[in-house]
Amino acid sequence: ARNLRWKESSARRFLSLMTVVGLYLTIAGFLQYFFKVRFFLPGYLELNHEMDRATGSFANPVEYGAVMVVLLLLTLLQYARARDRMLRALLLTVSAAMTAGILLCKTRGVWVSFLVSMVLVARKDARIRKPLAIGLAGGIAGLLVAAPFLAQSDLFYRRVTESSSIYNRV
């Protein structure tokens, strides 16, 4: 790829395409998680997990979450470079939806990589700090509202407290 000569317009078009792919994967993950729609999954994939975690069009929620984190970072890059207010609002909306898709994969490693990548982005790019701070405040507020429901959720409790799968990998 380094031998390719990218024009500014080609790079913008590529980044826009990656945002559209991220939006598609987000919609696929939402439909799969909330409505049990399996249309987006290739028929040859045999899933080894229950439909309690979003996988989008992947066989594994870890792959889905990792790809979503990368696509979210590319979308935030577009947000930082955009000048048009409507485009910036659209990119922030898509970024919020992608963040929800990342949370629906229910994978601790992806959540940690998401948080670390957001800290790195905020540290390196001053233009994105304010939207990330607003998103963090909104996320904390949402977590406080959802806390009573999450406390009663057996799946959430298992995902946060279970350590056997981590010990098996170490």
Worksheet item: Which pair of non-hydrogen atoms, one from W111 and one from K106, has the smallest distance, and what is that distance?
Response: CZ2-CA, 3.3 Å

Practice prompt. Output every pair passing side-chain hydrogen bond (donor to acceptor under 3.5 Å, both in side chains) with a member in residues 82-98, not counting sequence neighbours, ordered by first then second residue.
Written response: Y79-R88

Response to the item:
Between L23 and M98, the two heavy atoms sitting closest are N-CE, 3.8 Å

Item to complete: With rounding to the nearest 0.5 Å, note down the distance linking CZ in R53 to CG in L104.
Response: 11.5 Å

Discussion item. Quick one, L132 with L76, criterion side-chain contact (heavy atoms from CB on, under 4.5 Å). Give me CA distance, side-chain angles, the key distance, then yes/no.
Written reply: CA-CA 10 Å; L132 286 181; L76 289 175; 4.3 Å; yes

Enumerate, atom names and distances included, each donor-acceptor pair closer than 3.5 Å involving a side-chain atom of residues 134-147, sequence neighbours excluded.
none

Worksheet item: Considering all heavy atoms of both residues, which atom of L71 and which atom of G22 are nearest to each other, and what is their separation?
Response: CD1-CA, 3.6 Å

Worksheet item: Do you reckon L17 sits in the same ILVMFWY cluster as L74, going by side-chain contacts under 4.5 Å, direct or chained?
Response: yes

Practice prompt. Answer yes or no: is there a donor N or O on one side and an acceptor on the other, between the side chain of T55 and the main chain of F58, under 3.5 Å?
Written response: yes

Worksheet item: What distance separates F39 CZ from S57 OG, expressed to the nearest 0.5 Å?
Response: 11.5 Å

Discussion item. Using 0.5 Å steps for rounding, measure from the OG1 atom of T26 to the CD1 atom of I102.
Written reply: 8.0 Å

Discussion item. Taking R38's backbone N and O only, do any of them form a donor-acceptor pair with Q32's side chain (distance below 3.5 Å, no angle check)?
Written reply: no

Fill in: T99 side chain reached by F114 side chain, heavy atoms, under 4.5 Å
yes

Fill in: Spatial distance of atom OG (S16) from atom CG (L87) [nearest 0.5 Å]
7.5 Å

Discussion item. Is it the case that the side chain of S10 and the backbone of W6 share a donor-acceptor pair, with hydrogens and angles ignored and the cut-off at 3.5 Å?
Written reply: no

Discussion item. Would you compute the distance between atom OG of S9 and atom CZ of F14 and round it to the nearest 0.5 angstrom?
Written reply: 14.0 Å

Worksheet item: Can you name the residues that form a side-chain hydrogen bond (donor to acceptor under 3.5 Å, both in side chains) with T19, not counting sequence neighbours?
Response: T75, Q78

Practice prompt. Could you tell me which residues satisfy ring pair (Phe, Tyr, Trp, His ring centres under 6.0 Å) with F34, sequence neighbours excluded, listed by chain and number?
Written response: F30

Worksheet item: How would you list, by chain and number, every residue that makes a side chain to side chain contact (heavy atoms under 4.5 Å, CB included) with R81, sequence neighbours excluded?
Response: E8, L77

Item to complete: Using the salt bridge (charged side-chain N to carboxylate O under 4.0 Å, His left out) rule, collect all pairs that involve residues 18-28, keeping only residues at least two apart or in two chains.
Response: none

Response to the item:
Contacts of R127 meeting salt bridge (charged side-chain N to carboxylate O under 4.0 Å, His left out) (sequence neighbours excluded), chain-then-number -> D125

Discussion item. Test: side-chain hydrogen bond (donor to acceptor under 3.5 Å, both in side chains). Region: residues 129-141. Which pairs qualify, not counting sequence neighbours?
Written reply: none

Discussion item. Restricting to side chain to side chain contact (heavy atoms under 4.5 Å, CB included), what partner residues turn up for F40, sequence neighbours left out?
Written reply: Y24, A28, L31, V37

Discussion item. Could you report the tightest heavy-atom contact between G29 and A54, atom names first, then the distance?
Written reply: O-CB, 3.9 Å

Worksheet item: Tracing side-chain links under 4.5 Å among I, L, V, M, F, W and Y, which residues wind up in one group with V112?
Response: V116, L120

Discussion item. If the condition is side chain to side chain contact (heavy atoms under 4.5 Å, CB included), which residues does K124 pass it with, not counting sequence neighbours?
Written reply: none

Practice prompt. State yes or no: do V110 and L115 share one hydrophobic cluster built from I, L, V, M, F, W and Y residues joined by side-chain heavy-atom distances below 4.5 Å, directly or via other members?
Written response: yes

Worksheet item: Is there side-chain contact between L72 and M118, with at least one heavy-atom pair below 4.5 Å?
Response: yes

Item to complete: Go through the structure and list residues passing salt bridge (charged side-chain N to carboxylate O under 4.0 Å, His left out) with R13, not counting sequence neighbours.
Response: none

Item to complete: Any chance you could measure M68, atom CE, to L103, atom CG, to the nearest 0.5 Å?
Response: 10.0 Å

